[in-house]
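Just so you know, these numbers come straight off a predicted model, no measurement behind them. Residues take their numbers from the sequence shown, with the count starting at 1.
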Amino acid sequence: MTYILGIVFAAATSVAYCCVRWFKIEMLRYYPLEHVWKWGRQGGPSQAWYCMQTFAFLCGAAVALAVYVILKSAGAKTGALEPRDARRLGIAGIILMAVCMAYIVFYEYSHWHIL
């Protein structure tokens, strides 16, 4: 059960972090030059990472909790998987997280004109 929920949490957190960029979700931002928090882009350099991480972790936790409830209501006592299925779940989670990470790196590099 812990293995399944860990992979689900990590993958859902990765996808939620990417969704902030894909859907252009406005987040609370910290403006270090002004020492204030403001909603959305207000001009000047800002740090949206704090709220993006919080949003992603909360979404990951919600998805993992939903999977836990589904597994428990289905009667799964341990969430035991066959070794083949555990390997497939692990590989799928790693691929999903790698794709999300590649997208975020590409987005940040192109946004800051590094590419």
Decide whether Val15 and Val63 are clustered together by the hydrophobic rule: side chain heavy atoms of Ile, Leu, Val, Met, Phe, Trp, Tyr closer than 4.5 Å, transitively. no
How close do Arg29 and Ser46 get, counting heavy atoms only, and between which atoms? NH1-OG, 2.8 Å
Which pair of non-hydrogen atoms, one from Tyr31 and one from Gln42, has the smallest distance, and what is that distance? OH-N, 2.6 Å
Atom OH of Tyr109 and atom CD1 of Ile104: how far apart are they, to the nearest 0.5 Å? 13.0 Å
Mind checking whether Cys59 and Thr13 have side chains closer than 4.5 Å, heavy atoms only? no
Leu28, Phe57: one ILVMFWY side-chain cluster at the under-4.5 Å cut-off? no
Roughly how far, to the nearest 0.5 Å, is NZ of Lys72 from CD1 of Ile70? 14.0 Å
Tyr68, OH: over 12 other non-hydrogen atoms inside 6.0 angstrom: no
Compare every heavy atom of Ala16 with every heavy atom of Ala56, then report the nearest pair and how far apart it is. CA-CB, 3.8 Å
Trp22 ring center near Tyr103 ring center (under 6.0 Å): yes
Check whether any side-chain heavy atom of Glu82 lies under 4.5 Å from a side-chain heavy atom of Asp85, and answer yes or no. yes
Please check if Tyr17 and Tyr107 belong to a single hydrophobic cluster, counting links between Ile, Leu, Val, Met, Phe, Trp and Tyr side chain heavy atoms closer than 4.5 Å. yes
Dump the intermediate steps for side-chain contact (heavy atoms from CB on, under 4.5 Å) on Ile25 and Phe55, then the final yes or no. CA-CA 10 Å; Ile25 299 171; Phe55 175 79; 4.2 Å; yes
Side-chain heavy atoms under 4.5 angstrom apart, residues restricted to Ile, Leu, Val, Met, Phe, Trp, Tyr: same cluster for Val20 and Trp49? yes
Nearest heavy atoms of Gly60 and Ala12, plus distance in Å: CA-CB, 3.8 Å
Indicate, with yes or no, if Ile91 and Ile4 share a hydrophobic cluster defined by side-chain heavy-atom contacts under 4.5 Å among Ile, Leu, Val, Met, Phe, Trp and Tyr. no
Which pair of heavy atoms, one from Ser14 and one from Met97, lies closest together, and at what distance? OG-CG, 3.3 Å
How long is the straight-line distance from SG of Cys18 back to CG of Leu96, given to the nearest 0.5 Å? 8.5 Å
What distance separates Thr54 OG1 from Met52 CE, expressed to the nearest 0.5 Å? 11.0 Å
Least distance between heavy atoms, Trp37 atom then Cys51 atom: CZ3-SG, 4.2 Å
Between Lys38 and Glu26, is the closest basic N to carboxylate O distance under 4.0 Å? no
Interatomic spacing from CG in Leu5 to CG in Leu65 - rounded to 0.5 Å: 9.0 Å
Output yes when a side-chain donor or acceptor of Tyr3 lies under 3.5 Å from a complementary backbone atom of Ala86, and no otherwise. yes
Would you indicate whether the side-chain heavy atoms of Met27 and Tyr50 approach each other to under 4.5 Å? no
